[in-house]
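Have a look at the structure below, then the notes.
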Amino acid sequence: MFFKRKSESVWAQEGEVAAAAAAPAPKEKLGWFEKRARRRRRRIIFEEVLGWIMVPAFLYLLYLGYRAVGGIPKEAMDFFQELIGLAMKSL
């Protein structure tokens, strides 16, 4: 015979190895403190990304509003100067 037949124990070992390789590793169990830290980290990253997107968009919209009006109206400038004058008098 040219081919040698494998014994039953070898077949069983190969099946166990294949089953162990196919099964994903169990997820680590996190306590409430680690879960809280991960949620906090995710929220902080989300807020940073949102800030990097929203602040330039808000500034650009202010610029577009300024251009649409044709500048800051005189009444608004007078109001702001009066507010600054009142603030300086109170100090």
Side-chain angles (χ1 to χ4, degrees):
M1 292 237 192
F2 295 106
F3 300 104
K4 189 174 180 184
R5 188 176 193 120
K6 293 182 179 180
S7 65
E8 289 294 322
S9 62
V10 173
W11 284 104
Q13 289 174 357
E14 286 179 2
E16 290 172 4
V17 170
K27 286 189 150 190
E28 70 176 292
K29 284 286 203 175
L30 299 175
W32 70 271
F33 191 75
E34 289 85 7
K35 287 180 185 177
R36 179 174 160 245
R38 285 191 181 181
R39 281 194 312 267
R40 178 179 272 172
R41 198 174 317 120
R42 258 187 248 127
R43 187 181 68 242
I44 289 172
I45 291 172
F46 174 75
E47 289 173 357
E48 283 289 324
V49 169
L50 193 63
W52 279 101
I53 294 169
M54 294 299 290
V55 168
F58 183 69
L59 293 175
Y60 183 66
L61 287 175
L62 285 175
Y63 171 73
L64 287 179
Y66 173 78
R67 296 278 302 199
V69 173
I72 299 174
K74 184 178 180 323
E75 294 83 15
M77 285 305 294
D78 292 341
F79 177 70
F80 290 130
Q81 286 176 353
E82 190 174 331
L83 284 179
I84 292 172
L86 289 172
M88 292 298 183
K89 284 181 187 176
S90 65
L91 291 177

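Computed from a predicted structure; not experimentally measured. In this chain, residues are counted from 1 in sequence order. Hydrogens, waters and symmetry mates play no part in the numbers below; they use all other heavy atoms, side chains included.
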query = Nearest 0.5 Å, what's the CD-CE distance between E47 and M54?
reply = 13.0 Å
Residue pairs involving residues 72-85 (criterion side chain to side chain donor-acceptor pair (under 3.5 Å); sequence neighbours excluded) = K74-D78
task = Report whether M77 and Y66 are members of the same hydrophobic cluster (ILVMFWY, side-chain heavy atoms less than 4.5 Å apart, transitive linking).
result = yes
task = Might you point out which heavy atoms bring L30 and R38 nearest each other, and give the distance in Å?
result = CD1-NH1, 3.3 Å
task = Identify the heavy atoms of P56 and I53 that sit nearest to each other, and give their distance.
result = CD-O, 3.6 Å
